[in-house]
Amino acid sequence: MTFAGVVAGEWGKLTGLRSTWWAALVSVVVSGALTYVSAEASSGDPGYEPLGDLTAGLVLTQLGPLVLGVLVGTGEFSTGGFRSAFVAVPRRWLVPAAQAVAVAGFALPLAVGCVAAAVLAVFPAASSRGLPVDLGGGSVPWELAGMVVFLTGLALFGFAVGALVRRVVPALVAVCCLTLVLPVVLTLAVESGGAAFAGEVTPQERAASMVMTLLPSGAGGLLVMPSDALPVAGGPDLGAVGGGLVFAAWALVPFGAAVVRLRLRDVT
């Protein structure tokens, strides 16, 4: 059993499930719909920029890749398929490694589809104002590429947490809290102080901003932001490279822990 054979088997299991394609379809539709609604709502502003709404749909679009990754990571254990999988592949680490490759291979075109849907969604509002949509100007190419990397990385993050936790509900709760709930709570905590708007940042706000920047959504968001965008008030200025490294760590650390657990402990 070669690694390529294991990857082919995991790819077949991933693409053979209807839930995989439904998650992909919903993600693309949500990305386009939310971006369209946001663009139409802001098109009446005097200084409207059509491409300023490209990331409007990421708030909910990220759920699709996250759920997809968690389902793959927990699938072998929730269905009992690990029994036959590890009999066929005694070198256990090959299975999660092959699953990670399959997830990345599926999540990448899914992310491209979500970004393409967001781009197409801004054209109606731009046309109604007679504004051009320049996809090659300024920081737009970087923003588009960052969105693709961000969504693909979220799928791998969800897979890593699912492979480590091995249970669907706890894994979903963990990734949703880290990417959706906790950033909102910290944002409200920072904005409620009001000192950041006056040029003063309290220690509590600085700590909240630092945690928010180091979370998956905060670090991954630095890949999407233009290079000249300002960091969160009081937060560390990691830049795109630093944010990308932190974002990658959120996937690599739980994945490594899952592999170690798989090799040293029983799989049941």
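Position 1 is the first residue of the sequence; numbering continues from there.
Val30 and Leu110 fall into different hydrophobic clusters, defined by Ile, Leu, Val, Met, Phe, Trp and Tyr side-chain heavy atoms under 4.5 Å apart, directly or through other members. Note: the hydrophobic cluster containing Val122 also contains Leu135 (ILVMFWY, side chain heavy atoms under 4.5 Å, direct or indirect links). No single ILVMFWY cluster, assembled from side-chain heavy atoms under 4.5 Å apart, contains both Val26 and Val70. Hydrophobic cluster membership is shared by Met147 and Val112, with clusters built from Ile, Leu, Val, Met, Phe, Trp and Tyr side chains linked at under 4.5 angstrom. Tracing side-chain contacts under 4.5 Å through hydrophobic residues (I, L, V, M, F, W, Y), one never reaches Val148 starting from Val29; they form parts of separate clusters.
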*asked:* Run the side-chain contact (heavy atoms from CB on, under 4.5 Å) test on Leu54 and Val119 for me, step by step, so that the C-alpha distance in whole Å, both residues' side-chain angles and the decisive distance to 0.1 Å come before the verdict.
replied: CA-CA 6 Å; Leu54 278 179; Val119 170; 3.9 Å; yes
_One pair to check against side-chain contact (heavy atoms from CB on, under 4.5 Å): Trp93 and Leu262. What are the steps and the verdict?_
CA-CA 7 Å; Trp93 68 270; Leu262 191 62; 5.8 Å; no
_Determine whether Thr15 and Trp21 satisfy the following criterion, side-chain contact (heavy atoms from CB on, under 4.5 Å), listing intermediate values before the conclusion._
CA-CA 7 Å; Thr15 58; Trp21 298 102; 4.1 Å; yes
*asked:* Quick one, Val28 with Cys114, criterion side-chain contact (heavy atoms from CB on, under 4.5 Å). Give me CA distance, side-chain angles, the key distance, then yes/no.
replied: CA-CA 5 Å; Val28 174; Cys114 292; 4.0 Å; yes
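Within a 6.0 Å sphere centred on CZ of Phe255, heavy atoms belonging to other residues, nucleotides or ligands number more than 12.
Evaluation of the side chain to side chain contact (heavy atoms under 4.5 Å, CB included) rule for Val103 yields Val72, Ala155, Leu156, Phe159 as partners, not counting sequence neighbours. Applying the side chain to side chain contact (heavy atoms under 4.5 Å, CB included) test to Ala174 and every residue at least two apart in sequence or in another chain returns Val161.
Side chain of Thr20 to main chain of Leu14: a donor-acceptor pair is present (N/O by atom type, distance under 3.5 Å, no hydrogens or angles). In this structure a side-chain-to-backbone donor-acceptor pair under 3.5 Å is missing from Thr35 to Gly32. Using modelled atom types, no side-chain atom of Trp142 and backbone atom of Val224 make a donor-acceptor pair closer than 3.5 Å. The main-chain N or O of Val59 is found under 3.5 Å from a side-chain atom of Gln62 such that the two form a donor-acceptor pair. Put simply, the side chain of Thr2 gets close to the backbone of Gly5: a donor and an acceptor are under 3.5 Å apart.
Here CG of Leu172 is found 7.0 Å from OG1 of Thr74. Values are rounded to the nearest 0.5 Å. Put simply, CG on Leu63 and CG on Leu58 are 11.5 Å apart, with the number rounded to the nearest 0.5 Å. For the atom pair CG (Leu68) and CG (Leu151), the distance works out to 11.5 Å, reported to the nearest 0.5 Å. Atom CG of Leu60 is separated from atom OG of Ser31 by 10.5 Å, given to the nearest 0.5 angstrom. In this structure, the separation between CD on Glu40 and OG on Ser128 is 5.5 Å, given to the nearest 0.5 Å. The CZ atom of Arg92 lies 12.5 Å from the CG atom of Leu94; values are rounded to the nearest 0.5 Å.
The pair Glu76-Lys13 meets the salt-bridge criterion, since a charged nitrogen lies less than 4.0 angstrom from a carboxylate oxygen.
Here the shortest heavy-atom pairing between Ala39 and Ala121 reads CB-O, 4.4 Å. Nearest heavy atoms, Ser27 versus Pro65: OG-CD, 4.0 Å. Counting all heavy atoms, side chain and backbone alike, Ala97 lies closest to Phe3 at CB-CE1, 3.8 Å. The heavy-atom pair separating Ala171 from Gly162 by the smallest distance is CB-CA, 3.9 Å. Contact record, Ala107 with Thr152: O-OG1, 3.8 Å, taken as the closest heavy-atom pair. The two residues Arg261 and Val165 have their closest heavy-atom pair at NH1-O, 4.0 Å.
For an aromatic pair to be called close, the ring centres must be under 6.0 Å apart, and Phe247 with Phe150 satisfies this.
Across Leu178, Leu71, Val175, a single residue satisfies side-chain contact (heavy atoms from CB on, under 4.5 Å) together with Leu66, and that is Val175.
At a threshold of 4.5 Å between non-hydrogen side-chain atoms, the residues Asp53 and Ser38 count as touching. Within the 4.5 Å cutoff, no side-chain heavy atoms of Tyr36 are placed close to those of Leu120.
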